[in-house]
Asker: 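This is the structure I have questions about; it appears just below.
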Amino acid sequence: MRVLVVEDEVRMAALIRRGLEEDGYAVDVATNGPDGLWQAREFGYDAIVLDVMLPGADGFTVCRQLRESGRWSPILMLTARDAVDDRIRGLDAGADDYLTKPFSFGELAARVRALIRRGGGDRPTVLRVGALTLDPASRRAWRGDDELTLSTKEFSLLELFLRHPDRVLSRTMILEHVWDFAYDGVSNIVDQYVSYLRRKIDKPYGSELLETVRGAGYRLRVADADRSAPAP
């Protein structure tokens with residue numbers, strides 16, 4: 001198994017490298033963001049240990065650019081920061097796990113083993129259907145060149161449709177995925193939010209991508225989406 005360690009603190013990098021090598025891994029080390037990004041793109045790694053505070057490009061940037069280029073090696077991010085916002089930012093950038101300094105090497109090694117067992121299958125970083133584009137990591141969406149302003153629920157609803165194009169989604173399925181099984185609010189909440197979403201992705205463009213299938217639910221029509229203007 002081959003692991004890349006991207007860490008600018010020479011002593012820390014050496015400790016992690018020695019420990020992982022003693023556990024039987026082949027370990028490469030990069031000491032700045034650009035070098036780490038290049039190595040991770042050029043070589044296949046079973047896992048990447050990535051520090052957040054790096055010269056040249058921080059760990060968030062490295063992680064995001066790796067995911068955007070289709071590199072899905074599992075990433076364990078390291079940081080001296082303990083702020084929740086930083087952990088969220090790292091995970092949204094595409095990291096698989098997070099470890100705050102100081103840490104025990106035993107815990108780091110266990111997390112690396114878990115990530116390698118889990119693997120790094122192909123996962124699209126951006127969803128596209130015709131002119132519609134959605135980036136789950138940055139929580140941004142577009143129709144053609146126009147960026148859409150969506151509420152949290154509208155974004156989740158659009159993401160669900162883009163993950164299941166041309167498939168009829170029942171109101172129950174939408175409710176369970178976008179809200180949760182315990183939701184106990186108004187009964188027509190799904191219809192309301194489909195209507196809100198249509199106002200943003202359909203009406204301004206004179207089209208009807210979201211189709212009502214009477215008695216069954218709603219469908220994002222791929223044929224109509226593909227005839228729209230190309231996504232950015």
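Hydrogens, waters and symmetry mates play no part in the numbers below; they use all other heavy atoms, side chains included.
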Asker: Working note: Phe161 + Leu210, criterion side chain to side chain contact (heavy atoms under 4.5 Å, CB included); need CA distance, chi angles, decisive distance, verdict.
Answerer: CA-CA 9 Å; Phe161 280 115; Leu210 284 181; 3.8 Å; yes

Asker: Applying side chain to side chain contact (heavy atoms under 4.5 Å, CB included) to Tyr218 and Val213, what does each step give before you reach the verdict?
Answerer: CA-CA 5 Å; Tyr218 297 98; Val213 181; over 6 Å; no

Asker: Might you point out which heavy atoms bring Pro55 and Pro34 nearest each other, and give the distance in Å?
Answerer: O-CD, 3.6 Å

Asker: With no hydrogens and no angle check, is any side-chain donor or acceptor of Ser156 less than 3.5 Å from a backbone partner on Thr152?
Answerer: yes

Asker: Report yes or no: do Ser207 and Arg221 form a side-chain donor-acceptor pair below 3.5 Å?
Answerer: no

Asker: Kindly give the heavy-atom pair with the smallest separation between Cys63 and Ala95, and that separation in Å.
Answerer: SG-N, 3.3 Å

Asker: Under 3.5 Å, is there a donor-acceptor pair between the side chain of Lys203 and the main chain of Arg198?
Answerer: no

Asker: Check whether any side-chain N or O of Thr61 sits under 3.5 Å from a backbone N or O of Ala57 as a donor-acceptor pair, and report yes or no.
Answerer: no

Asker: For a quick test of reading the model, state the closest non-hydrogen atom pair linking Phe155 to Asp135 and the distance between them.
Answerer: CZ-O, 3.7 Å

Asker: Between Leu91 and Leu76, is there a shared hydrophobic cluster once you connect ILVMFWY residues whose side-chain heavy atoms come closer than 4.5 Å?
Answerer: no

Asker: Side-chain heavy atoms nearer than 4.5 Å, only ILVMFWY residues, links allowed to pass through others: does that put Leu197 and Val222 together?
Answerer: yes

Asker: Does any donor atom in the side chain of Asp46 or Tyr25 lie under 3.5 Å from an acceptor atom in the other side chain?
Answerer: no

Asker: For Leu150 and Ala141, work out which heavy atoms get closest and say how close.
Answerer: CD1-CB, 3.9 Å

Asker: Run the salt-bridge test on Glu7 and Lys101 with the 4.0 Å N-O cut-off and return the result as yes or no.
Answerer: yes

Asker: Could you state the interatomic distance from OG1 (Thr133) to CZ (Arg140), rounded to the nearest 0.5 Å?
Answerer: 11.5 Å

Asker: When Ile, Leu, Val, Met, Phe, Trp and Tyr are grouped by side-chain heavy atoms lying under 4.5 Å apart, directly or through other members, which residues fall in the same group as Leu66?
Answerer: Leu4, Val6, Leu37, Trp38, Phe43, Tyr45, Ile48, Leu50, Val52, Met53, Leu54, Phe60, Val62, Ile75, Met77, Tyr98

Asker: Nearest 0.5 angstrom please: Leu20 CG to Leu108 CG, how far?
Answerer: 6.0 Å

Asker: Should Phe105 and Val29 be counted in the same cluster of Ile, Leu, Val, Met, Phe, Trp and Tyr side chains packed under 4.5 Å apart?
Answerer: yes

Asker: Would you please name every residue forming a salt bridge (charged side-chain N to carboxylate O under 4.0 Å, His left out) with Arg41, sequence neighbours left out?
Answerer: none

Asker: What's the shortest heavy-atom distance between Pro165 and Arg163, and which atoms?
Answerer: CD-C, 3.4 Å

Asker: So, the side chain of Asp8 versus the backbone of Asn32: is there a donor-acceptor pair under 3.5 Å, distance only?
Answerer: no

Asker: Strictly by salt bridge (charged side-chain N to carboxylate O under 4.0 Å, His left out), give each pair with a member in residues 14-36 just once, sequence neighbours left out.
Answerer: Arg2-Asp28, Arg17-Glu21

